[in-house]
Each structure stands twice: as C-alpha cells, then as structure tokens.
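To keep things clear, I will list the structure first and then write my remarks on it.
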Amino acid sequence: MPKITAAKTIVTSPGRNFVTLKIETEDGVTGIGDATLNGRELAVESYLSEHVIPCLIGRESHQIEDIWQYLYRGAYWRRGPVTMSAIAAVDMALWDIKGKIAGLPVYQLLGGACRTGVMVYGHANGETIDETLAAARDYQALGYKAIRLQTGVPGMAGTYGVSKDKLFYEPADSDLPKETVWSSEKYMRVVPELFGRAREALGWDVHLLHDIHHRLTPIEAGRLGKDLEPYRPFWMEDPTPAENQAAFRLIRQHTTTPIAVGEIFSSIWDCKQLIEEQLVDYIRATVVHAGGLTHLKKIAHLAELYGVRTGCHGATDLSPVAMAAALHFDLSIPNFGVQEYMRHTAETDAVFPHAYSFADGMLHPGDAPGLGVEIDEAAAARHPYRRAYLPVARREDGSMHDW
Ligand code: EZ4
Ligand code: CO
C-alpha cells in the first residue's frame with residue numbers, strides 16, 4: 001500500500017479565494033482536496049499546515065476511513081467548520097489518489113452510478129422581479145431544469161442573492177464585512193409576488209427554488225411557506241437558523257412547502273434531529289464543509305432511512321475540486337435530490353482544469369480516474385490571496401441580524 005510522503009496547501013485567488021490540499025504518495029501519485037471556507041480561508045490553511053499535514057506523513061493512503069477517524073477523534077476537539085473542512089480536504093485527496101491508482105472515477109468506488117446525470121439548479125437574480133425573470137429565461141435557454149429565484153426587496157439596498165454580474169454571484173467581495181440592511185416584513189411581501197409572476201412567465205415545467213438564508217423566525221417561515229404553496233416551489237432553503245433543530249417543528253406545522261437546510265453544517269450531528277423527525281426534505285451538507293465523502297455518505301445513508309433527499313451546497317466558494325467530489329457522490333447515492341451549481345469564472349476554471357461537464361440541465365463528473373480535477377500550480381501562483389469577507393446584516397433599527 002502506498003505511503004503518504006508529502007502534502008502541502010495551495011492558496012490562490014483567481015477571482016475569489018480557494019485553499020487546496022495536495023497529497024503525494026511514495027509512488028508519485030498525487031491527489032487534491034478542497035479546503036475553502038469562505039471568509040476564513042487562512043484558518044483552515046493553518047489548521048492543515050500546522051496540525052494535520054505532520055500527522056499524515058508515513059500513513060497508508062488507502063486507509064481512508066482510518067485516517068478520517070484518526071483526524072476526527074485524534075484532535076480531541078471535535079467538529080466545527082475549520083476542523084471539518086480540513087478533514088474533508090484530506091478525505092477528498094485520498095479518494096482522488098485511490099481512484100487514480102485503481103484507474104476508476106471516484107463514483108465507481110462509491111458503488112457506481114445510479115442515475116445518468118446530476119440535475120443542477122442555477123441562480124437567477126435581479127434587482128427587480130422583471131430582471132430576475134429575464135435571468136431565469138436565460139437559464140431555461142441554457143437547458144436548466146431547476147432555477148433558484150432571488151430578487152431585490154424594494155426599499156432595501158444589497159439584498160442577499162442579488163448580484164451585479166448575473167452568472168457569477170459572489171457575496172464575499174470586500175476587504176472588511178459590508179453592512180447591509182434587512183427587513184423581514186418587506187422581504188416577505190415581495191417573495192410570493194416573485195413566485196406568482198414566475199409561474200406566469202416560466203410555466204410549470206421548471207423547478208423553482210428560493211433561499212431565505214436563515215433570515216426568518218420559525219413562525220414567519222411558516223407564513224412565507226404557506227404563501228408560496230400555490231406556486232409549488234421545489235424548496236425553501238434555510239428558512240430559519242438551524243442551531244435549534246426543534247424550531248423546524250413549528251414551520252412544519254404550518255406549511256407543506258418543502259424545506260432544505262444544511263449548507264453550513266459540519267457533521268452528521270447537525271443533521272440528526274432534522275432527519276430523524278423528518279423536519280426537512282433536503283439535506284444540504286456538502287463534501288467540503290462536512291468532513292468529505294467519507295462523512296457525507298453517512299449523512300446520506302441516515303437521510304435515506306427517513307425519505308430525506310440530498311441537495312448539496314454548490315456556490316462559487318466551493319472550488320471545482322469540491323464540485324467534482326459532490327458530482328461523484330450525487331451520481332452514486334439513491335436519495336439524491338438536486339445539486340446547486342453556480343458557474344465558476346473562466347479564470348477559476350483555468351486554475352482547476354476538470355473533467356465534469358454540463359449538458360441539458362445536468363452535470364456529469366466524467367470518467368477520468370479519481371476526482372477528475374487537477375490544479376495548475378503555475379496558474380494558481382499568478383493569483384495571490386486577497387482578504388475577502390462575506391457581508392453582515394442589520395435590521396432597520398441597527399441591531400444585528402443573520403446574514
Ligand atoms: O451565501 O456560499 O445557497 N447558497 C448560498 C451561498 C452562500 C455562500 C456563503 O459562503 O447560500 O450563496
Ligand atoms: Co444557501
């Protein structure tokens with residue numbers, strides 16, 4: 001079995017920051033994993049360089065589960081986004097190496113494909129409902145079967161999900177956190193209007209999604225879900241902060257609009273009650289922030305028992321390495337729902353050449369051995385790290401709200 005002989009981190013900013021872990025074995029096989037945590041990139045980089053890489057040297061690269069357990073249990077300090085993103089990067093790189101040695105794409109190692117492709121959703125947004133619907137038509141023209149709709153809220157500047165650049169929404173765009181203003185009352189008036197107009201303009205043969213981004217109280221979310229029911233949304237995402245998993249019981253009492261949660265979850269423990277009580281329909285935990293493929297498989301298997309499907313996070317702050325890993329995973333699990341897919345810029349794609357491809361509203365990971373993504377280190381070096389924060393939100397009276 002090939003031993004790990006070297007590992008290093010690569011930080012690059014081709015339009016936005018990415019942290020990549022590269023592991024090498026004694027046979028010269030290399031694998032890469034994504035370790036990007038938006039706005040906190042160097043915390044994960046340091047956790048890897050200072051605390052994880054020294055423990056990897058000399059270990060058997062094929063023993064993926066054992067290395068996962070060693071890093072998780074061995075730290076004593078468990079879970080949390082920094083730790084779990086670092087473990088995820090190691091895990092992805094080891095699956096990449098195993099696939100390259102086997103000569104198989106990772107989805108074959110995970111059990112093989114149980115669908116022909118991965119349905120993805122794109123982000124349509126605009127300052128006004130008309131602009132959002134025009135963007136949604138562009139996605140329909142590109143072949144998308146599922147589209148997320150976000151629109152500006154009249155009277156509020158800088159609404160979550162509304163970008164200047166239509167195809168490449170990027171919220172982490174300032175050297176210090178940008179201050180935005182929030183009003184749940186104004187927001188809750190515009191979203192049902194957006195969905196009503198969307199069904200008239202786009203028809204019923206397209207899945208429509210919406211991200212609330214943790215902004216509402218449970219009872220407000222129950223009200224909004226009820227108001228959206230006539231338009232049959234595919235899901236409402238992150239209706240309320242999820243630290244208190246029991247809070248979702250209240251939302252469920254009031255609406256049949258499906259619920260998706262979990263893009264900021266770091267382990268199965270964040271999902272447990274939501275899944276076991278069937279308080280959500282889609283679990284969005286993703287490969288880079290929830291401990292890699294090894295851990296995400298366990299979350300998906302638990303969800304399968306309770307009829308909960310997956311809907312992995314796939315914003316631009318997940319690098320093409322994490323996107324590829326998610327696609328191998330999505331292709332191989334029975335309870336896949338949908339995959340978020342925000343396109344990376346051409347600059348990012350040039351640093352991370354990849355085998356996955358889009359056609360007809362679906363992504364496919366391709367059949368290159370391993371994850372099917374490489375990092376061009378010379379290109380990466382041309383894009384040095386730049387500090388970039390996500391915004392913060394305050395209510396109209398100045399008090400802090402959830403961004
Ligand atoms: O704001 O990934 O569903 N997608 C999202 C994203 C998140 C960013 C934060 O890093 O909610 O746009
Ligand atoms: Co989201």
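Only heavy atoms go into these numbers, but all of them, side chains included; no hydrogens, no water, no symmetry mates. In listed order, ligands and their atoms are each counted from 1.
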Less than 4.0 angstrom from a charged side-chain N to a carboxylate O is my criterion; do [X] and [Y] meet it?
X	Y	result
Glu65	Lys98	no
Asp130	Arg197	yes
Lys186	Glu396	yes

Quick look: Met342 vs ligand 1, heavy-atom contacts under 4.0 Å, and the answer is neither
Exercise for review: Please say whether the positively charged group of Arg59, taken as NZ for Lys or CZ for Arg, lies over the ring of Tyr70, i.e. under 6.0 angstrom from the six-membered ring centre and within 45 degrees of the axis.
Suggested key: yes
Under 6.0 Å from the six-membered ring centre of Phe195 and within 45° of its axis: does the NZ or CZ of Arg199 meet both? no
For ligand 1, which atoms, with element, lie under 4.0 Å from some heavy atom of [X]?
X	value
Ala315	2 (O), 6 (C)
Trp403	1 (O)
Glu340	3 (O), 4 (N)
Arg284	3 (O), 4 (N)
Asp211	3 (O), 4 (N), 5 (C), 11 (O)

Got an N, O or S from Asp238 under 2.8 Å of the Co ion (ligand 2)?
-> no
Check whether any N, O or S atom of Glu263, backbone or side chain, sits closer than 2.8 Å to the Co ion (ligand 2).
-> yes
Note to self: So is Arg148 touching ligand 1 or not, going by heavy atoms under 4.0 Å?
What the structure shows: yes
Residue, atom name and distance, where the atom is the protein heavy atom closest to [atom]:
atom	value
atom 11 (O) of ligand 1	Glu263 OE2, 2.7 Å
atom 2 (O) of ligand 1	Asp317 OD1, 2.7 Å
atom 5 (C) of ligand 1	Tyr160 OH, 3.0 Å
atom 1 (O) of ligand 1	His213 NE2, 2.8 Å

Which atom of Asp211 is nearest the Co ion (ligand 2), counting N, O or S only? It is OD2
Answer key: the N, O or S atom of Glu237 nearest to the Co ion (ligand 2) is OE2
Q: State, yes or no, whether a side-chain contact exists between His354 and Met323 at a heavy-atom distance under 4.5 Å.
A: no
Side chains of Gln140 and Arg137: does their closest heavy-atom pair fall under 4.5 Å?
yes
Assess the pair Tyr121 and Phe234: is the distance between their ring centroids shorter than 6.0 Å? no
Heavy-atom donor-acceptor pair, Asp96 side chain to Gly370 backbone, under 3.5 Å: no
Heavy-atom proximity to atom 10 (O) of ligand 1 ranks first, among Asn38, Leu37, Thr316, Leu209, for Asn38
Requested in this report: State whether the number of non-hydrogen atoms from other residues, nucleotides or ligands found under 6.0 Å of Asp205 atom CG is greater than 12.
Outcome: no
